[in-house]
There are 2 protein chains.
Amino acid sequence: MDETNKVPVGTVPKLADVARVAGVSTATVSRCLNLPDQVKEKTMRKVMDAIDSLGYSPNYSARALAANRTNTVGAIIPTMDNAIFARGIQAFQEELHKSGCTLLVASSSYEEDLEEEQIRTLTARGADALLLIGYHRQPRVYEFLKKRRIPALVAWAYNPDQPQLAVGFNNHAAMKSLAREVLERGHRKIACITAPTGSNDRARDRVLGVKEGLRDAGLDPDGLTIIETNYSIENGAQAFQELMTLDERPTAVMCGNDVLAVGALKAATEMGLKIPDDVSITGFDDIELASVAPVPLTTVHVPHRRMGQFAAQALIETLDSGQTGESHELPTNICFRGTLAPPPEK
Amino acid sequence: MDETNKVPVGTVPKLADVARVAGVSTATVSRCLNLPDQVKEKTMRKVMDAIDSLGYSPNYSARALAANRTNTVGAIIPTMDNAIFARGIQAFQEELHKSGCTLLVASSSYEEDLEEEQIRTLTARGADALLLIGYHRQPRVYEFLKKRRIPALVAWAYNPDQPQLAVGFNNHAAMKSLAREVLERGHRKIACITAPTGSNDRARDRVLGVKEGLRDAGLDPDGLTIIETNYSIENGAQAFQELMTLDERPTAVMCGNDVLAVGALKAATEMGLKIPDDVSITGFDDIELASVAPVPLTTVHVPHRRMGQFAAQALIETLDSGQTGESHELPTNICFRGTLAPPPEK
DNA sequence: ATGAAAAATGTAAGCGCTTACATTTTTGTT
DNA sequence: AACAAAAATGTAAGCGCTTACATTTTTCAT
């Protein structure tokens with residue numbers, strides 16, 4: 001009895017098993033999978049039949065090792081637990097999927113060291129390219145990426161002065177124009193609730209945007225009251241309460257994102273304050289929460305899904321062409337809803 | 001001049017380079033990395049110095065191929081673009097990280113075929129284990145997983161009748177008890193807005209829960225008006241409008257999740273209906289949106305973060321011990337807020 | 001029919017790591 | 001100091017795939 005096309009049972013079939021069953025060489029099987037138009041139709045059929053009957057699927061680790069590419073893109077985001085990243089990343093991965101790439105996601109919990117660790121991990125796992133959020137990180141990280149020739153793309157931020165490939169928006173300019181709107185309505189006592197700005201350039205740029213708005217209006221930017229707290233509704237609420245107990249109570253509270261703003265809104269309601277009559281509140285991002293809040297939030301709209309798509313395209317282009325694609329600045333716009341009005345008459 | 005500890009420049013250092021620089025064998029370097037207490041402290045130091053000076057980090061593909069494990073867990077979720085998955089997955093990955101595992105995420109967009117494809121892809125990429133959402137999938141998929149000996153865990157659902165390892169909650173029972181509350185308040189004309197139930201067992205179980213509640217109350221479950229639509233605020237709003245133009249207008253609308261419910265709430269406001277005086281609305285999940293909605297939503301609270309944590313623990317236990325861990329049912333509870341009240345007097 | 005070019009297929013050498021087994025070094029007795 | 005046992009290290013064979021190069025088969029103009 002001919003044993004040549006017998007295959008071990010109870011184990012995961014490998015490419016060599018397919019080759020044996022199909023009666024061809026391993027190279028041919030590999031070609032069927034990777035360069036299908038280099039094989040004859042008849043051969044292809046035999047191989048495909050063998051693959052189906054064995055339930056074979058290739059081992060990507062072996063493939064990655066042999067071919068030195070993984071068709072995997074890594075993304076390191078601060079947290080999935082924020083609609084803006086979740087949404088953008090969802091779009092990013094849908095777009096990648098179209099090009100046959102898989103996404104590897106890790107999150108840094110807004111911690112710089114953890115982000116660096118994750119970058120090394122994803123690189124070691126063979127990510128062909130990386131999506132990173134914001135510009136801020138140690139120079140050694142950028143050097144590492146350069147040395148490894150791993151294309152990296154910065155998203156959620158765009159700064160023409162920075163050399164990195166980026167797809168994002170200008171946090172500074174967007175917040176500045178929102179600040180201008182606030183100032184134009186007559187507010188003079190403004191406060192900010194922001195995420196810690198130490199290693200978060202988006203948050204920092206937004207605060208700087210407000211300060212520059214103040215300066216342009218002839219006001220002292222150092223007079224700006226700022227509370228730093230992590231993104232969460234609860235923290236937003238607490239920060240707002242603190243602000244309201246200040247001697248110089250602000251008439252407008254500009255928040256670093258919608259989550260904080262909704263928290264502020266909630267605290268305001270609990271304190272019996274009318275928004276926007278007593279205090280104005282603004283957000284940033286325009287997540288769903290913003291439009292269904294008890295008082296719909298005036299905020300900066302950011303095209304998160306489109307950002308994810310563009311980012312994927314830029315990365316794939318870089319990967320395919322071998323040369324860095326073009327950075328892309330996305331527009332933001334202010335959504336005027338119900339939380340911004342002139343300050344109360346004294 | 002001694003050339004033995006020279007190393008090629010301009011390339012990615014590999015383990016052999018580390019060995020050469022440190023003056024030890026490749027096996028020793030490998031052990032420093034994987035079995036650190038099998039090497040002498042002095043050796044360890046030499047090796048670590050070499051690793052630092054070269055900027056070495058191991059190639060996971062090679063490691064996976066040689067060791068036949070990847071320390072990677074895959075998760076296939078319907079979409080990241082829904083707070084419940086984003087939040088649960090975030091917790092899942094934080095927990096995995098503690099055990100040195102990386103998470104590979106893919107999303108199926110609620111499409112059964114795509115999910116199957118993703119399962120094969122993640123398996124091929126060497127996921128040691130898989131997190132799946134809900135029970136519903138082709139038997140061949142479960143067979144495939146079994147043959148490959150890939151532990152899989154079902155989350156977001158728990159059904160004692162199903163054999164799979166699961167960490168989740170009883171969608172049917174949770175929704176039934178919510179229905180009971182609705183019925184007890186006197187509602188007799190109830191409608192559901194749900195996600196398509198064809199390949200979504202969670203959605204299906206929730207609807208069945210309502211039907212059983214109806215039956216228990218002596219009502220005809222087939223009389224239940226059901227609108228199936230994809231999860232989104234807009235779709236929820238539209239479905240609610242449709243329901244309100246029906247001849248037999250329902251007095252309570254039970255939604256498959258909070259996103260639909262918030263949409264319904266929005267539509268109600270636009271139509272000038274008072275919630276809960278004119279119509280009651282209920283949700284499911286208890287995402288942030290639910291508590292900050294214009295009328296805080298009465299909904300079923302699901303412990304998403306804890307589910308993610310438990311799921312990670314169960315999977316790691318399975319991986320470490322080699323035998324299937326224990327399923328775990330998480331409790332849900334009803335959050336009574338502002339959208340449920342008795343029907344209006346006629 | 002014939003032969004050269006083109007197309008299809010085969011052979012076999014790695015890719016960078018882990019690990020069984022072999023060898024050397026250290027430790028702790030006596 | 002000598003020896004066995006234990007600890008540390010080294011040697012080398014793969015893991016499952018891709019791909020350069022070699023060989024065979026097919027195609028097509030003559």
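The shown structure was predicted, so the numbers you read here are calculated from the model rather than taken from an experiment.
Note: CZ (A:Arg125) to P (C:dC17) measures 14 Å, nearest angstrom. Rounded to an integer number of Å, the gap from CZ of A:Arg31 to P of D:dT19 is 10 Å. Between the CZ atom of B:Arg20 and the C1' atom of D:dT9 there is a distance of 18 Å, given to the nearest Å. Separating the CG atom of B:Leu65 from the P atom of D:dA13 is a distance of 17 Å, rounded to the nearest angstrom. A:Asn59 has its CG atom 18 Å from the P atom of D:dG14, to the nearest Å. The CG-P distance, from A:Leu15 to C:dC15, rounds to 19 Å in whole Å. For the pair A:Lys46 NZ and C:dT9 C1', the computed distance is 10 Å after rounding to whole Å. Summarising the geometry, the separation between NZ on A:Lys42 and P on D:dT25 is reported as 12 Å, rounded to the nearest angstrom.
Between A:Ser30 and D:dC17, a side-chain N or O to OP1/OP2 separation shorter than 4.0 Å is absent. For D:dT9, the OP1/OP2 oxygens have no side-chain nitrogen or oxygen of B:Thr28 closer than 4.0 Å. The side chain of A:Tyr60 places no N or O atom within less than 4.0 Å of a non-bridging phosphate oxygen (OP1 or OP2) of D:dC15. Between D:dT18 and A:Asn68, no contact under 4.0 Å exists linking OP1 or OP2 to a side-chain N or O.
For the 3.5 Å distance criterion, the side chains of A:Arg125 and B:Thr102 qualify, holding a donor opposite an acceptor. If you check the side chains of B:Gln313 and B:Glu317, you find no donor sitting under 3.5 Å from an acceptor. Neither side chain, A:Thr318 nor A:Gln323, offers a donor N or O lying under 3.5 Å from an acceptor on the other.
Taking the nucleotide of DNA chain D with the nearest heavy atom to each of A:Arg69 and A:Lys14, the more 5' of the two is matched to A:Lys14. Positionally, the nearest nucleotide of DNA chain C for A:Gln38 lies more toward the 5' end than for the other of B:Leu35 and A:Gln38. Residues B:Ala62 and A:Val29 each lie close to DNA chain D; by heavy-atom proximity, the contact nearer the 5' end of the strand is made by B:Ala62.
In this structure, of D:dG10, C:dA8, C:dT11, it is C:dA8 that holds the atom nearest to the side chain of A:Lys40. Relative to the side chain of A:Ala66, the nucleotides D:dT11, C:dG14, C:dT11 differ in distance, and C:dG14 lies closest. You'll find that the side chain of B:Ala67 is closest to C:dT19, out of D:dT11, C:dT9, C:dT19.
By the 30° and 60° cut-offs, the orientation of the rings of B:Trp156 relative to B:His304 is parallel.
With hydrogens and angles disregarded, a donor-acceptor distance shorter than 3.5 Å links the side chain of A:Asn34 to the backbone of A:Ser30.
Counting any heavy atom pair closer than 4.0 Å across all strands shown, A:Ser61 reaches no nucleic acid atom.
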